[in-house]
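Just so it is clear, the model here is predicted, and its values are computed rather than measured. Quick note: numbers below take in every heavy atom, side chains included, and nothing from hydrogens, waters or symmetry partners.
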Amino acid sequence: MMIIKSNKLAQSAVLKKILKRFSSLGKKHGYEDDGLPPDVPKGHFAVYVGENRSRYIVPISFLSHPEFQCLLRRAEEEFGFTHNMGLTIPCEEVVFRSLTSMLR
């Protein structure tokens, strides 16, 4: 039981680090005070997916899904926490759209 709780705390810390990183990134690029571009509704964030880096707006609630967390870990492994254009998800668009349609 303690291992599960510890794992959830570690995941929570990683997610907070990701959100903090991208919130400060937005402030550097002249976005609104909350660090988001004007077209991103409250409670959502932008990600870039696929070879063409297509932009998707996804709800923050996706962060609690294990499948989405797996994508975030892959992004961290491939790109680290340094992104010039926002959070880039390393998967094909069709896979991303399929996953996110199941999470809604």
Side-chain angles (χ1 to χ4, degrees):
M1 186 78 164
M2 187 61 153
I3 293 172
I4 293 171
K5 189 172 187 178
S6 176
N7 190 23
K8 285 188 178 202
L9 290 173
Q11 287 178 350
S12 177
V14 169
L15 294 176
K16 285 179 183 177
K17 185 176 181 180
I18 290 169
L19 288 175
K20 184 175 181 181
R21 166 74 177 115
F22 288 103
S23 176
S24 64
L25 178 67
K27 290 177 184 173
K28 290 179 190 174
H29 292 290
Y31 294 139
E32 294 181 350
D33 289 340
D34 58 7
L36 295 174
D39 64 334
V40 176
K42 193 171 196 119
H44 293 73
F45 62 102
V47 295
Y48 298 87
V49 180
E51 200 172 295
N52 296 324
R53 302 292 193 250
S54 298
R55 187 172 185 249
Y56 291 87
I57 307 297
V58 296
I60 289 177
S61 63
F62 281 12
L63 294 173
S64 64
H65 293 276
E67 296 86 0
F68 198 83
Q69 291 175 7
C70 180
L71 289 177
L72 292 175
R73 282 190 293 277
R74 285 183 55 203
E76 179 187 10
E77 289 170 6
E78 189 161 329
F79 305 113
F81 286 111
T82 304
H83 299 265
N84 292 329
M85 63 180 274
L87 180 57
T88 304
I89 304 290
C91 76
E92 296 178 22
E93 284 185 69
V94 67
V95 173
F96 183 80
R97 285 194 304 264
S98 177
L99 172 69
T100 56
S101 69
M102 291 187 303
L103 297 178
R104 292 186 188 263

Within the structure provided, determine whether I89 and L72 are in side-chain contact (heavy-atom separation under 4.5 Å).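 SC-SC contact between I89 and L72 confirmed.
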Spatial distance of atom CG (L103) from atom CZ (F68) [nearest 0.5 Å]: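 One gets 8.0 Å once the value is rounded to the nearest 0.5 Å.
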Quick one: OG1 on T100 to CD on E67, what's the gap to the nearest 0.5 Å?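 The distance works out to 11.5 Å.
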Do other residues, nucleotides or ligands put more than 12 heavy atoms under 6.0 Å from E92 CD?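 No, because the 6.0 Å sphere around CD of E92 holds 12 heavy atoms or fewer from other groups.
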Can you name the residues that form a side-chain contact (heavy atoms from CB on, under 4.5 Å) with R53, not counting sequence neighbours?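 R53 satisfies side-chain contact (heavy atoms from CB on, under 4.5 Å) with Y48, F79, M85, T88 only.
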Taking only residues two or more places apart in sequence, or in another chain, which ones meet S54 in a side-chain contact (heavy atoms from CB on, under 4.5 Å)?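 With sequence neighbours excluded, S54 shows a side-chain contact (heavy atoms from CB on, under 4.5 Å) to N52, Y56, E93, given in chain and number order.
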Would you find a donor on one side and an acceptor on the other, under 3.5 Å apart, between the side chain of H65 and the backbone of L63?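 It does not hold such a pair.
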For V49 versus C91, what's the shortest heavy-atom pair and its separation?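 Taking every non-hydrogen atom into account, CG1-O, 3.5 Å.
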Establish whether V94 and F62 are linked, either directly or via other cluster members, by ILVMFWY side-chain heavy-atom contacts under 4.5 Å.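 The answer is no; the residues belong to distinct hydrophobic clusters.
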Same hydrophobic cluster for V95 and I57, using side-chain heavy-atom links shorter than 4.5 Å among ILVMFWY?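 No, it is not one cluster - the side chains of V95 and I57 are not joined through contacts under 4.5 Å.
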Passes side-chain contact (heavy atoms from CB on, under 4.5 Å), F96 versus V58? Steps please. CA-CA 11 Å; F96 183 80; V58 296; 3.9 Å; yes
